[in-house]
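Below: the structure, in structure tokens.
Since the structure is predicted, the reported quantities are computational estimates derived from the model, not experimental observations. Letters go in sequence order (proteins before strands), and every chain restarts at 1. What's counted below: heavy atoms across the whole structure, side chains too, no hydrogens, waters or symmetry copies.
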Amino acid sequence: MQTTICALATGMGGAVAVVRTSGPAVLRILNALTRRQNWEPRKQIFCTIYDGESVLDKALVSYFPNPHSFTGEDVAEFAVHASPYIKGRLLELLCAAGAVPAKRGEFSQRAFLNGKMDLLEAQGLCDLIAAGNKASHRLAMAGLDGALSARVGEMRTKLTELLAQIEVRLDDVDEEMTPLSDEFIRTEINSVLVHIKALANTFSVGRLIKDGLRAAIVGAPNGGKSSLLNALVGFDRAIVADACGTTRDTVEETLEINGQKIILTDTAGIREHALDPAEQEGMRRSARAMQSADIILFVLDASRALTDEERTLWDEIRRTGKRALIVLNKTDLPYQPCGLEQAEQYAVLPVSCKTGSGIDALKKAIVRDTDEAHTADGLMISNLRHYESLLRAQTELESALLRLSANAGGEIYAEHLRGALNHLKDLIGEVTPDDVLGVIFSKFCMGK
Amino acid sequence: MFVCEELYDVIVIGGGHAGSEAALASAKLGAKTLLLTQSLDTIAQMSCNPSIGGIAKGQIVREIDALGGAMGRVTDHAALHYHMLNTGKGPAVHSPRVQCDKKLYQFTFKHVLELQPNLEMMQDEAVKIATTDGRVSGVVTLRNTFYRAKAVVLTTGTFLAGTIHIGTDMFRGGRYNDMPSDGLAKNLREELGLHMLRFKTGTPMRINARGLDYSKFRLQPSDDPLQPISHFTDVNEQKKRKFLSCYITRTTLATDKILRENAHRSAMYSGNIHGLGPRYCPSVEDKIKKFPDVTSHPLFLEPEGFYTEEYYIQGFSTSMPEEVQRALIKSVPGMERATITRPGYAIEYDFSDPMDLYPHLESKLIPSLFMGGQINGTTGYEEAGGQGLMAGINAALKTQGKDPFVLRRDEAYIGVLIDDLVNKGVNEPYRMFTSRAEYRILLRNDNADLRLTPYALRLGMLGEEYQKPFEAYQSLTQKLIENPHADVQDDPDMFPWTLEKARTHADIHNKYAGYYERNKKDAEKLAEADNIKIPEGFDPSSVRGILFETSQKLREIKPQTLGQAGRIPGVTPADIQLLAVHIERFRRMQHAKQAN
């Protein structure tokens, strides 16, 4: 049974992106995503693509039933708006419905194998696959930074050792090994699950595309936080007043920068000794907003010197270890050096919410990381593949935990652990039965 | 030289567990078969432990049995103790193990072979495999007789250039008291140019039970109720027989001290042994060295037969000098007054690199030469028997001009075993573990017949008389899987299959239902890639763009299907993609050539 594959068919740039999918499940997926049926073959149809209960995009969709398609299989093409969010989310929805991200050259490969391409064209196809072979052969780990690759290594070790602990008991001839406690298995699986979830979150195309990037605006009262929010969003949403501490509730606003969904949170001004109890409550909310943020925008008034409160707040921001931008507001007013201009790795962005100067540069800086993830086309697919692998591995481990509660037995937990290892192959490298036996023989004295 | 006038289809060299199954299978398939062995009195001899089966191995015996081999039936005939292992765990890992009367086992097997039509046995030692134009043409023996053959199956066990070690003493032997096959070893290495490598294995001492203090042992009685290991044994008849017990004891700190003080005297550390030994079946001196924190190791006392006081001591494999072995025995509770009857020893022997074999166990270097058992780098009676059976079947099929018979990884442990051997090679004697099988949930003790008996019936390994009973059993199990409460009756015409077997199978199948489907789905994907044959004349290593290592491995292993290529370690999915395109390209070009 052939799988159904999906991938972005167009490069970067342009206003329209084409996502293509091919394989036996195409019609089912197409019907599910568009909530319509009866497709006239090879006709572009304008329709809505649904993401659960909400609308993802309005798109031109074409259906090519086999064998009259590019690959010779059932094929569907979605021409959507070329926003990274829409493209990425559509691929995610296709995968959730049962498709898998295509390997490099896989569409053409299928076309050739189904007799849709001649020998001459096949050579080009081979060159394409070969180019990817060298690149992908480098361990995926090599592409990850130090902290990540350590985490990946730990996942591999933990899963392999847990599997070895279970397997050694299944193959225990003397039947004298003490059984593993459920608690031990649960703890081990959970410790890997934590890593898997953390790792999934490092892939911006995953979480950031789906849930949006959370940006918290923090700063001293009356530093211009609400004005910044308005300048970024483009209309008056928060109440702006001169009396400090006007923003009592955290205000959330969603906007899109280069197709990336951003959730802005405007928080109450943080002041050490809040006299007004309502303001104290607001400050607690700011601390919370900072906690859940992916990026912190620290707003300072460029027209006055840094206060002690602001210094304390700055220390707190640094303690979170999160990405932060220093936004120097009110640069339209006479300038006071604040002392944070050379703030190590943190970027300082001068803006004027009043005149709008510097706002575009700030927007670019906010989405910098996620943009990088999208711009290299190959990276996006490869990330999506990794992200999918992590989600599938997560499902396996969660199933193992469920089965553990049902006391299903070692051979069942082993099935799920092997499943998880199999899904993680691209990330952590292959774990073969010989690897598992290697752990067993090095740790346990077994055999006659 | 006497040239035997017969032209045999298949000659099997070696009458151990692999050779006996090979000869039997070949003859059953209608091939005129000759079994050559140094001694007819050691046919199917249990050179090491007196037991058949065990974890994963028990499943292999069930598979051999379901395929029409003899190991299971002979085991039940010679059984002196039954024990189903892993009953505390899931049914996918339940494994039967049966202690046998060693003498009864080997003579029963010999008798089975003697009764088999198309099969001749001759006591003579093969020293040379004759070839004509690089193909096998016959066998020359020590008596200087030439036996002509269309195909040869090599099942030499530990006999090729065998050397025995006890302490620092070394002497030649294929097994204690048996001569090694030096002539044949030289022929394979030097004249046929096979890639010969060397392994080491060992066996523990045997003791006389007279003087044992059984009160210091833990008793392991034979299972009651018992489960025969063969599908064809009548459980009600089997129950009427008498069985013996086994005993369990442990090594002590005194044992530990003796081993430590004499470590340098073991053949293992004498520098005399160069062959690699198995990690899972270490000598007791190895256990002490590698696991210094474990101060007590279990020992399992197995009777060697009904009419002997000799016991085999599993867990005490050693190549210490004799006097150390005597001291070791005395250090174990209950064995203080026991005496050694045969010392333990280590043995080194030649084997041939299994990566030189096709999945149907024919040599890639010498057409019509087949190999099975320890010569392929494995260990264990069961692993040997499974390969012997497959080599015998395929040798016969080859002489009949028929397609080879290969089992997939999702069909049998035997499939996993051979696939691992030919694609990955070995760096220690290969033993089966359930963890080697990615489709463990499919490869169970209770469904070996449902998996494999259809093949046995098709090939002629099982007689027609089993066709109807088996079909009745198949439909009964299906009915019970769909509805466990279906109104069904036992049918005496279904024997050896019964309603009870069907119920057991259906229960287990339903317990694993979701996992069964999941394994099956994965296996189907595998089968798809295995159905894409790499065509004759296509050189996969010439494909531009595949990785250098892949190209080297493909040249060495010469996979026959795209699936097999994918299972070679280090081969990437992109390599397989490229191969798929190039195979199709090659096929079309051949097609165009033919059209011209």
Side-chain angles (χ1 to χ4, degrees), chain A residues 1-3 103-106 108-109 112-113 115 118-119 122-123 125-137 163-164 166-176 179 408-412 414-415 418-419 422 426 430 432-434 436-438 440-448, chain B residues 48-49 54-56 85-86 88-93 97 204 248 278-282 287 290-291 294 297-298 300 314-315 317 420 424 431 433-438 440-441 512 515 518-519 521 524-525 528 543-547 569 572-575 577-578 580-582 584-585 588-589 592:
Chain A
M1 210 197 59
Q2 279 276 25
T3 51
K103 294 195 274 276
R104 187 189 282 245
E106 200 172 357
S108 308
Q109 181 195 0
F112 179 70
L113 294 180
D118 65 25
L119 288 175
Q123 191 48 52
L125 160 64
C126 290
D127 291 344
L128 179 71
I129 302 172
N133 199 9
K134 290 244 159 52
S136 65
H137 182 57
L163 183 57
I166 292 171
E167 293 286 1
V168 72
R169 281 160 179 83
L170 295 178
D171 275 339
D172 171 24
V173 190
D174 297 317
E175 300 181 297
E176 64 162 28
E411 77 277 21
I412 298 295
E415 283 286 303
R418 291 198 219 186
N422 209 20
D426 286 350
E430 197 176 359
T432 65
D434 274 331
V436 177
L437 286 172
I440 290 177
F441 296 138
S442 67
K443 298 210 157 172
F444 302 95
C445 182
M446 67 177 298
K448 51 184 184 183
Chain B
C48 195
N49 58 340
I55 312 250
L85 297 162
N86 266 348
K89 301 162 198 163
V93 291
R97 186 176 68 190
I248 297 157
R279 284 176 297 176
Y280 55 82
C281 190
K287 292 183 190 172
K290 288 184 184 144
F291 300 95
V294 184
H297 297 272
F300 185 54
Q314 189 195 106
S317 180
D420 277 351
K424 297 181 188 160
R431 180 216 197 271
F433 292 98
T434 66
S435 62
R436 294 197 194 269
E438 53 276 66
R440 178 162 53 200
I441 301 286
Y512 287 126
Y515 296 88
R518 183 180 141 128
N519 271 210
K521 225 166 118 187
E524 271 164 25
K525 273 190 208 151
E528 220 170 75
V543 173
R544 218 156 48 93
I546 56 173
L547 300 171
T572 66
D575 288 330
Q577 255 184 296
L578 276 173
V581 172
H582 278 269
E584 173 64 16
R585 190 166 171 261
R588 281 194 213 170
M589 276 159 67

(request) Answer with side chain, backbone, both or neither: which region of A/Glu411 has an atom nearer than 4.5 Å to a non-hydrogen atom of chain B? (result) both
(request) Give, as side chain, backbone, both or neither, the part of A/Ser442 having an atom under 4.5 angstrom from any heavy atom of chain B. (result)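 Only the backbone of A/Ser442 comes within 4.5 Å of chain B.
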(request) Please determine if A/Asp434 and B/Lys424 form a salt bridge, counting it only when a charged side-chain N lies under 4.0 Å from a carboxylate O. (result)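 Answer for the salt bridge query: no.
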With rounding to the nearest 0.5 Å, note down the distance linking [atom1] in [X] to [atom2] in [Y].
| X | Y | atom1 | atom2 | result |
| --- | --- | --- | --- | --- |
| A/Thr432 | B/Glu438 | OG1 | CD | 11.0 Å |
| B/Lys89 | A/Arg169 | NZ | CZ | 9.0 Å |
| B/Tyr515 | A/Ile412 | OH | CD1 | 5.0 Å |
| A/Phe112 | B/Arg588 | CZ | CZ | 4.0 Å |

(request) Without swapping roles, check the side chain of B/Asn86 against the backbone of A/Asp171 for a donor-acceptor pair under 3.5 Å. (result) no
(message) Counting heavy-atom pairs under 4.5 Å with chain A, which one of B/Pro569, B/Gly54, B/Gly90, B/Pro204 comes out on top?
(response)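 So the answer, after comparing B/Pro569, B/Gly54, B/Gly90, B/Pro204, is B/Gly90.
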(request) Taking atom types as modelled, find out whether B/Asn519 and A/Glu415 have a side-chain donor-acceptor pair closer than 3.5 angstrom. (result) yes
(request) Check B/Ala580 against A/Gln109 and note the closest heavy-atom contact, atom names and distance. (result)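 Looking at all heavy atoms of both residues, the closest pair is CB-NE2, 3.6 Å.
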(request) Any chance you could lay out the side chain to side chain contact (heavy atoms under 4.5 Å, CB included) test for B/Ser435 and A/Leu170, step after step, and finish with the verdict? (result) CA-CA 8 Å; B/Ser435 62; A/Leu170 295 178; over 6 Å; no
(request) Just do the salt bridge (charged side-chain N to carboxylate O under 4.0 Å, His left out) check on A/Glu167 and B/Arg440 with the steps written out, would you? (result) CA-CA 12 Å; A/Glu167 293 286 1; B/Arg440 178 162 53 200; 2.6 Å; yes
(request) Answer whether the closest heavy-atom distance between the side chains of A/Lys443 and B/Phe291 falls below 4.5 Å. (result)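 A side-chain contact under 4.5 Å is absent here.
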